[in-house]
Structures are given as C-alpha cells and as structure tokens.
Amino acid sequence: MTQTAWPNRIGQSVATEVRRHRQSQGMSAQQLADRCAALGFPIGRSVLANFESGRRPALSVPELLVLAKALGVPPGALLFPVGRVDQVEPLPDRTAAPWDALQWFTGEQPLDRSADYEEWREDRAGLDTYRWHARYLDEWHADQDAAARANTEHARAALLRQAAGRETPLWDARRRLRGLGLKLPELPAELRHIDDTDYRPDWGNLR
C-alpha cells in the first residue's frame, strides 16, 4: 500500500457523500462553491468538480469542515456515512461499521472494543468526562424546572433533594477535568459553590 492509497480512499468516500448531499438538495457545484465562499473559505467550482470526479482524490481538514457546513450536515457524516455503506476504513487497512467509526471519531467508544477499551477508558482528551458533566448539568436543570412546577411542597422538596444529588457527580467530573488541565464549563450561580476549595462532596447522596 502506498502512502497515498488510504488518504485517497478516504477522499473518494467523502467525495461520494458530498456529491450525494449536493444533488439531493438540488444544488449545483457553483452554488456549493458560493456557500463555501460565504463561510470564509472559498472552494472553487472546478476544485469541487475535480474532487467529486476523483481527479483530485484528497481533501484537507478545513475543506471537510467547510463542505459539511455548506451542505448542512455534520463533518462525521461525510467521513463515515451511517446507513449508506456497510464498512468504512477509519485507519489504513482497518475497517469498521460506519456507526462504530463515527462513535470513535466523537470519543463515545473505542474503535475496537476488545483491543482499544483500556486506552479509550483513560479518556485522555476528557471528552467522555465533558459528556457526563453535560448530562449531570442537564439533569440538575430538569430537576430544578420540575421543582418549580411541583404542585405540592412535598414533591418540590423531593425534586430539590434530587437536584442536590447531582452536585457530587458534577464536582467529580470537574475534578477529573482539572486533572487533565482542561477548562471547566460554566456553572449556574446556584452551583458555583462546588468549585470552592472547602466544598465537601456528599458521596452518600450520589445519584
């Protein structure tokens, strides 16, 4: 395998998806080029024509991002077209189902659950921890909203206790993000006390 073979196969796969999405929207190559230019990164009509035809087999990461936005689809959908093909090639000579490759791309699971699990579980980029932080915060907001609409004081108190139970997992997620040297997501004013140095997590109230 030459050094260009795999990148070219990736490029050809993306080109197929670019053409499919463009045509399904009734968009000409010039219209797509115009959209790219409007986004601040021009990709000429002739470049697009050469890319779709295979005469220009590869593309850059900036081109992938701008084309995805211009077509109104996530970049990952151009790389790993779920529901369109049975297998993709996320690494040289290493195939996977498109959904598995896409989840690896977004950090949601290892590429190979048996061989790569321990590496993925380390969460070196912090993506999984960010994801859990967002989930805990969404649940806290949902509890607060439900408490505000509660019909009885008993129901309201129960929901507020449930919301309080989100604090410890939020604190723990933020502790792990700090350990990775990552920026912490903003918290609503009612939760900022969990960042205080004297905050003590309530592991008995963990939910």
Side-chain angles (χ1 to χ4, degrees), residues 1-139 142:
M1 182 183 71
T2 66
Q3 289 187 336
T4 60
W6 173 67
N8 288 354
R9 289 197 295 272
I10 289 282
Q12 290 163 8
S13 176
V14 172
T16 297
E17 290 307 301
V18 168
R19 181 172 59 252
R20 187 178 65 77
H21 283 288
R22 178 179 64 75
Q23 292 177 344
S24 70
Q25 297 176 45
M27 193 188 310
S28 69
Q30 184 59 59
Q31 288 172 320
L32 180 55
D34 291 343
R35 287 194 182 186
C36 293
L39 290 168
F41 192 84
I43 303 175
R45 184 198 62 77
S46 62
V47 173
L48 290 171
N50 287 336
F51 178 55
E52 289 187 7
S53 68
R55 292 190 297 272
R56 183 181 188 264
L59 81 164
S60 66
V61 172
E63 287 171 333
L64 172 69
L65 297 175
V66 169
L67 284 169
K69 178 60 178 175
L71 290 165
V73 298
L78 297 180
L79 278 172
F80 308 122
V82 175
R84 297 289 173 181
V85 295
D86 294 327
Q87 295 283 301
V88 292
E89 191 179 4
L91 293 172
D93 294 325
R94 187 168 174 180
T95 59
W99 181 247
D100 291 341
L102 183 60
Q103 288 195 298
W104 169 66
F105 186 75
T106 58
E108 295 177 74
Q109 72 172 34
L111 185 58
D112 184 324
R113 298 190 187 198
S114 58
D116 304 331
Y117 180 76
E118 291 300 324
E119 173 184 282
W120 169 79
R121 194 174 67 168
E122 289 183 26
D123 194 26
R124 296 170 185 169
L127 295 182
D128 199 47
T129 303
Y130 271 118
R131 193 173 291 112
W132 278 105
H133 186 285
R135 175 178 173 179
Y136 297 141
L137 192 54
D138 285 346
E139 290 173 344

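Since we're looking at a predicted model, the values are computed, not measured. If you read the sequence from its start, that first residue is 1, and numbering goes on from there.
Between R135 and D138 there is no salt bridge, since no side-chain nitrogen of the basic residue lies less than 4.0 Å from a carboxylate oxygen of the acidic one.
The shortest non-hydrogen separation linking I43 to L48 is CG2-CD2, 3.7 Å. Shown here for P57 and R55, the closest heavy-atom pair between the two residues is CD-O, 3.6 Å. Of all heavy-atom pairs spanning P90 and L111, the tightest one is CG-CD1, 3.9 Å. The minimum heavy-atom distance between V85 and P98, with the atom names listed, is O-CG, 3.3 Å. Here the closest heavy-atom approach between residue L127 and residue T106 is recorded as CD1-O, 3.9 Å. Contact detail for F41 and P62: the closest heavy-atom pair is CZ-CB, 4.0 Å.
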- Before giving the answer on side chain to side chain contact (heavy atoms under 4.5 Å, CB included), spell out for V14 and L79 the whole-Å C-alpha distance, their side-chain angles and the decisive distance to 0.1 Å. CA-CA 6 Å; V14 172; L79 278 172; 4.0 Å; yes
- side chain to side chain contact (heavy atoms under 4.5 Å, CB included) between L32 and V18, intermediate numbers included: CA-CA 10 Å; L32 180 55; V18 168; 4.0 Å; yes
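Other residues, nucleotides and ligands contribute over 12 non-hydrogen atoms within 6.0 Å of the CZ atom of R94.
Between atom CZ of residue F80 and atom CD of residue E89 there is a gap of 10.5 Å, rounded to the nearest 0.5 Å. Interatomic distance, L67 CG to R22 CZ, rounded to the nearest 0.5 Å: 11.0 Å. Note that the NZ atom of K69 and the CG atom of L64 stand 14.0 Å from one another [nearest 0.5 Å]. L78 CG to L65 CG: the interatomic distance, rounded to the nearest 0.5 Å, is 9.5 Å.
Q12 and N8 share no side-chain donor-acceptor pair at under 3.5 Å. A donor-acceptor contact closer than 3.5 angstrom is absent between the side chains of S28 and Q30.
Side chain of D128 to main chain of D123: no donor-acceptor pair is present (N/O by atom type, distance under 3.5 Å, no hydrogens or angles). Side chain of W120 to backbone of W104: no donor-acceptor contact under 3.5 angstrom is found. Side chain of Q25 to backbone of L71: a donor-acceptor contact under 3.5 angstrom is found. Within the 3.5 Å criterion, the main-chain N or O of D116 finds no donor-acceptor partner in the side chain of E119. A distance-only check finds no donor-acceptor pair linking the side chain of R45 to the backbone of A33 [under 3.5 Å].
Contact check for P81 versus V88: side-chain heavy atoms found under the 4.5 Å cut-off.
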